[in-house]
Asker: 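So that we are looking at the same thing, I have put the structure below in structure tokens.
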Amino acid sequence: MSPQAPRGTRDILAPESARLRALVESFAAAAELAGYGQVVSPMFEQIEVFQRVGEATDIVSKEMYQFRDPGDRHLALRPELTASLARAFVQHRPPLPWKAWYEGPQFRYEKPQAGRFRQFHQVGAELFGSDDPQADVEVIALAWRFCRRLGLGELRLVVNSLGDRSDRETYRAALSDYFQRRAGELSAPGRETLRRNPLRLLDSRRPEDRAVLAGAPVIDDYWCESATEHFGAVRSGLEALGIPFERDPRLVRGLDYYRRTAFELASDALDGAQDAVGGGGRYDGLVADLGGPETPGVGFALGSDRLLLACDAEGTFPAPAAAADVFVVDTTGGAAATLVAEELRGAGIRAGRAFDGRSMKAQMKAADRSGARWALLIGPDEQDAGEVSLREMRGHGAAASAESVQRRVRRAEVAAEITRLLVAAAAEGSAP
RNA sequence: UUGGCCGUAGCUCAGUUGGUUAGAGCGCCGGGUUGUGGUCCCGGAGGUCGGGGGUUCAAAUCCCCUCGGUCAACCCA
């Protein structure tokens, strides 16, 4: 049996890889418009970076790829990037507010399924050093604006507030009390969840648990004044921007470090259980947990793979066209094609060619399939005359409905002539 | 980690109650006379039937294990 990509990983080949790259570029543009700078952080960290962030979360307790390097350092492939960014913040202490965006693969040991991989890609942004609700609004708006730019329409923004640290703790205790009293009615796995982290029970999908949930205490009653005020400001900020959202008091998110604002973006176009394309929130206290000064922060991450699945479902954000401009057909052996193709590429023209001395017919077929606008023919005739034949392929430009047109061009003027034609076509296309 | 469904050429799939050299479409390669693609016609290459073990005179077809995919629980992007 020949080797395969490890379970839950995959090769992303040409058209799709260009699409992923375009998505990242689009995100970079959106983030940088808002003043976020890119951070490229290591693919792995000292394991404590993630452990300090939440022992109770599955992501760190059982889904981390961990290993010891030859120097016996205990390391982990990053399962998420907020912790890495917080570590980088503590290490470099950049001026506040520090606005950073990132992109790249992350790793979680999970059972793969559609929209869930062991190596997956995210884009995200973090804002450190401000507890202004307007910062929350800016961050959410960035995520929203980016998704809209991808063409996603069936998107749902869900927001909640988990209150301050102490609010969260008292609520957690109250919730725990409540569930303890009715533990008998919970499902078996639900009781286990209750033991580990009662908050997690809030978004259980099991019917028994949901029934018990109906009478559970609501977070709203545990907010302190400032948390209430903060959440109010976030909501009115979103309203002012015309960003639609719904409030879900049971939204808790998986990472333990969230305080106050938590939000999630889900796509209604995705069927199946994995409909969340991203989420985020405020993590005041995370920086301190990593040994830095008390520093508030808010941010989000979006799953690139799932965003693209959602785009597929909505038929938007197609792969950028990769068609060549010119395909060189050489029946004199192939060396002439090399010279012309390299010359054209040097002039910024996308040029393809065939190898292995294939027949003219075969080369023409290849030219057709390459999607090139022109075939550039070099045979003995052209070579003797110091010329090439430039054939406009049907389906392009003026020749779309008529027969393909073909004419001779001086060999020395080929690059200039094609450049001229490309410029003319671009002008025509941009100013119809 | 738990459970359901699935795994046949590069891709999408057929393969009757186990029975001889495993098929189709698409794609790929070549050809249809004198250098010219997209349509059409002809031909060709390509499969240890995911892998291993077992039952049987005989297994793609039955059983077990394993790997992988998928769906759901869990969790999350």
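A, B, ... follow the sequence lines: proteins, then strands. Residue 1 opens every chain. Scope of the values below: all heavy atoms of this structure, side chains included, with no hydrogens, waters or symmetry mates.
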Asker: If you assign each of Leu377(A) and Asp203(A) to its closest nucleotide in RNA chain B, which residue comes earlier from the 5' end?
Answerer: Leu377(A)
Asker: Any sub-3.5 Å donor-acceptor pair from Thr338(A)'s side-chain atoms to Gly334(A)'s backbone N or O?
Answerer: yes
Asker: Is there a Watson-Crick or G-U wobble partner for rA24(B) with both distances under 3.5 Å, and if so, which one is it?
Answerer: rU12(B)
Asker: Has the side chain of Glu110(A) got a donor or acceptor atom sitting under 3.5 Å from an opposite partner on the base of rA77(B)?
Answerer: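 Present.
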Asker: When the side chains of residues 147-158 of chain A are checked against the rest of the protein, which donor-acceptor pairs come out under 3.5 Å, sequence neighbours left out?
Answerer:
from	atom 1	to	atom 2	distance (Å)
Arg148(A)	NE	Leu152(A)	O	3.2
Arg156(A)	NH1	Asp268(A)	OD1	2.2
Arg156(A)	NH1	Asp268(A)	OD2	3.4

Asker: Write down the partner of rG18(B) under the Watson-Crick or G-U wobble criteria, each distance required to be under 3.5 Å.
Answerer: none
Asker: With respect to the phosphate group of rC74(B), does any side-chain polar atom (N or O) of Ser204(A) fall under 4.0 Å of OP1 or OP2?
Answerer: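 Ser204(A) to rC74(B) OP1/OP2: side-chain N or O found under 4.0 Å.
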Asker: Out of rG37(B), rC76(B), rA73(B), which has the shortest distance to the side chain of Arg391(A)?
Answerer: rG37(B)
Asker: Between rC75(B) atom C1' and Asp209(A) atom CG, what is the distance in whole Å?
Answerer: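 Those two atoms, CG and C1', are 14 Å apart.
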Asker: Provide the distance between the two C1' atoms, one in rA73(B) and one in rC57(B), to the nearest whole Å.
Answerer: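 Each nucleotide's C1' atom is 47 Å from the other's.
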Asker: For rG3(B), give the paired nucleotide (Watson-Crick: N1-N3 plus N6-O4 or O6-N4; G-U: N1-O2 and O6-N3; both under 3.5 Å), or none.
Answerer: rC71(B)
Asker: Work out how far the P atom of rU20(B) is from that of rG4(B), and round it to whole angstrom.
Answerer: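 Rounded to whole Å, the distance is 33 Å.
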Asker: Name all residues meeting the salt bridge (Lys or Arg N to Asp or Glu O under 4.0 Å) criterion together with Glu413(A); count only those two or more places apart in sequence or in a different chain, and write none if there are none.
Answerer: none
Asker: Please classify the nucleic acid contact of Asp381(A) as base, sugar-phosphate, or nothing, using heavy-atom distances under 4.0 Å.
Answerer: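 Since a base atom lies under 4.0 Å of Asp381(A), the category is base.
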Asker: Answer yes if the side chains of Asp275(A) and Ser267(A) hold a donor-acceptor pair under 3.5 Å, and no otherwise.
Answerer: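 On atom types as modelled, these side chains do not qualify, holding no pair under 3.5 Å.
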Asker: For Phe67(A) and Phe44(A), take the angle between the two ring planes, folded into 0 to 90°, and tell me which bin it lands in: parallel under 30, tilted 30 to 60, perpendicular over 60.
Answerer: perpendicular
Asker: What is the distance, to the nearest angstrom, from the OH atom on Tyr258(A) to the C1' atom on rC75(B)?
Answerer: 14 Å
Asker: Remember a base hit wins even if backbone is also touched, and classify Leu307(A) as base, sugar-phosphate or nothing at under 4.0 Å, heavy atoms.
Answerer: nothing
Asker: Going by atom types only, do Ser389(A) and Glu382(A) share a side-chain donor-acceptor pair under 3.5 Å?
Answerer: yes
Asker: Nearest whole Å is fine: how far is rA73(B) C1' from Gln113(A) CD?
Answerer: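 These atoms are roughly 10 Å apart.
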Asker: Rounding to an integer number of angstrom, what distance separates rG18(B) and rG25(B) when you compare their P atoms?
Answerer: 29 Å
Asker: Considering only nitrogen or oxygen atoms on both sides, find all protein atoms under 3.5 Å from nucleotides 9-11 of chain B and state each distance.
Answerer:
none

Asker: From CG of Leu265(A) over to P of rA77(B), roughly how many Å is that when rounded to an integer?
Answerer: 12 Å
Asker: Are the side chain of Arg172(A) and the backbone N or O of Asn197(A) linked by a donor-acceptor pair below 3.5 Å?
Answerer: no
Asker: Evaluate the ring planes of Tyr65(A) and Phe107(A), with Trp represented by its six-membered ring, and classify them as parallel (under 30°), tilted (30 to 60°) or perpendicular (over 60°).
Answerer: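 Perpendicular: the ring planes of Tyr65(A) and Phe107(A) meet at over 60°.
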Asker: In whole angstrom, what separates Glu80(A)'s CD from rC75(B)'s P?
Answerer: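 About 17 Å, once rounded to whole Å.
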Asker: Look at the side chain of Arg408(A) and the backbone N and O of Glu387(A), then say whether any donor-acceptor pair between them is shorter than 3.5 Å.
Answerer: no
Asker: Determine the interatomic distance between P on rG69(B) and the same-named atom on rC26(B); round to the nearest Å.
Answerer: 31 Å
Asker: Under 4.0 angstrom, heavy atoms only, what part of the nucleic acid is Gln383(A) near: base, sugar-phosphate, or nothing?
Answerer: nothing
Asker: Provide, to the nearest angstrom, the distance between the CZ atom belonging to Arg10(A) and the P atom belonging to rU70(B).
Answerer: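 After rounding, the gap between these two atoms is 10 Å.
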Asker: Whole-Å distance between rC76(B) P and Arg116(A) CZ?
Answerer: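 In whole Å, rC76(B) P lies 9 Å from Arg116(A) CZ.
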Asker: Is any side-chain N or O of Arg7(A) closer than 4.0 Å to OP1 or OP2 of rG69(B)?
Answerer: yes
Asker: Measure from NZ or CZ of Arg118(A) to the centre of the six-membered ring of Tyr109(A), then state whether that distance is under 6.0 Å and the direction lies within 45° of the axis.
Answerer: yes
Asker: Under 3.5 Å between N/O atoms: give me all the protein pairs with nucleotides 25-32 of chain B, atom names plus distance.
Answerer:
from	atom 1	to	atom 2	distance (Å)
rC28(B)	OP1	Arg369(A)	NE	3.2
rC28(B)	OP1	Arg369(A)	NH1	3.1
rC29(B)	OP1	Arg358(A)	NH2	3.1
rC29(B)	OP2	Arg369(A)	NH2	3.4
rC29(B)	O3'	Arg358(A)	NH1	3.3
rG30(B)	OP1	Arg358(A)	NH1	2.9
rG30(B)	OP2	Arg358(A)	NH1	2.9
rG32(B)	N7	Lys361(A)	NZ	3.0
rG32(B)	O6	Lys361(A)	NZ	3.0

Asker: Would you tabulate the nitrogen or oxygen pairs shorter than 3.5 Å linking the protein to nucleotides 2-8 of chain B?
Answerer:
from	atom 1	to	atom 2	distance (Å)
rU2(B)	O4	Lys111(A)	NZ	3.2
rG3(B)	O6	Lys111(A)	NZ	3.1

Asker: Go through rG37(B), rC75(B), rU70(B) for me and flag the one nearest to the Glu63(A) side chain.
Answerer: rC75(B)
Asker: Which of these nucleotides, rU70(B), rG37(B), rU36(B), is closest to any side-chain atom of Gln406(A)?
Answerer: rU36(B)
Asker: Hey, is the main chain of Leu13(A) close enough, under 3.5 Å, to the side chain of Asp11(A) for a donor-acceptor pair?
Answerer: no
Asker: Is Arg108(A) reaching over with its side chain to a backbone N or O of Gln119(A), donor-acceptor style, under 3.5 angstrom?
Answerer: no
Asker: Pick the closest RNA chain B nucleotide for Glu264(A) and for Pro6(A) by heavy atoms, then say which residue is nearer the 5' end.
Answerer: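 Between the two, 5'-proximity favours Pro6(A).
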Asker: When you measure from the side chain of Arg259(A) to the backbone N and O of Asp164(A), does any donor-acceptor pair fall under 3.5 Å?
Answerer: no
Asker: Quick check: any donor-acceptor pair below 3.5 Å linking the side-chain of Arg206(A) to the base of rA73(B)?
Answerer: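 No, the side chain and the base share no sub-3.5 Å donor-acceptor pair.
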Asker: Separation of Asp275(A) atom CG from rA72(B) atom P, in whole Å?
Answerer: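 About 10 Å, once rounded to whole Å.
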Asker: I'd like a table of donor-acceptor pairs (distance under 3.5 Å, sequence neighbours excluded) in which one partner is a side-chain atom from residues 23-43 of chain A, with atom names and distances.
Answerer:
from	atom 1	to	atom 2	distance (Å)
Glu32(A)	OE2	Trp101(A)	NE1	3.1
Tyr36(A)	OH	Glu138(A)	OE2	2.8

Asker: Please report the distance separating the C1' of rC28(B) from the corresponding atom of rU34(B), rounded so that it comes out in whole Å.
Answerer: 28 Å
Asker: Between rC71(B), rU1(B), rC76(B), which nucleotide has the shortest distance from any of its atoms to the side chain of Tyr109(A)?
Answerer: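 My answer, after comparing the listed nucleotides, is rU1(B).
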Asker: Would you say the side-chain atoms of Arg350(A) pair up with the backbone N or O of Ala323(A), donor to acceptor, closer than 3.5 Å?
Answerer: yes
Asker: With hydrogens left out and only the distance checked, is there a donor-acceptor pair under 3.5 Å joining Arg200(A)'s side chain and the base of rC76(B)?
Answerer: no
Asker: Could you give the distance separating rC75(B) and rC64(B) at their P atoms, to the nearest angstrom?
Answerer: 32 Å
Asker: Categorize Ala114(A) for me: base, sugar-phosphate, or nothing, with a 4.0 angstrom heavy-atom threshold over every strand shown.
Answerer: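 Sugar-phosphate, no base atom in range.
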Asker: Which part of the nucleic acid does Gly124(A) contact within heavy-atom distance under 4.0 Å: base, sugar-phosphate only, or nothing?
Answerer: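 Here Gly124(A) touches no strand at all.
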Asker: Roughly how far apart, to the nearest Å, are rA14(B) and rG50(B) at atom P?
Answerer: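 One P to the other, the span is 14 Å.
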Asker: Which base sits across from rC49(B) as a Watson-Crick or G-U pair, both distances under 3.5 Å?
Answerer: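 Per the H-bond distance test, none.
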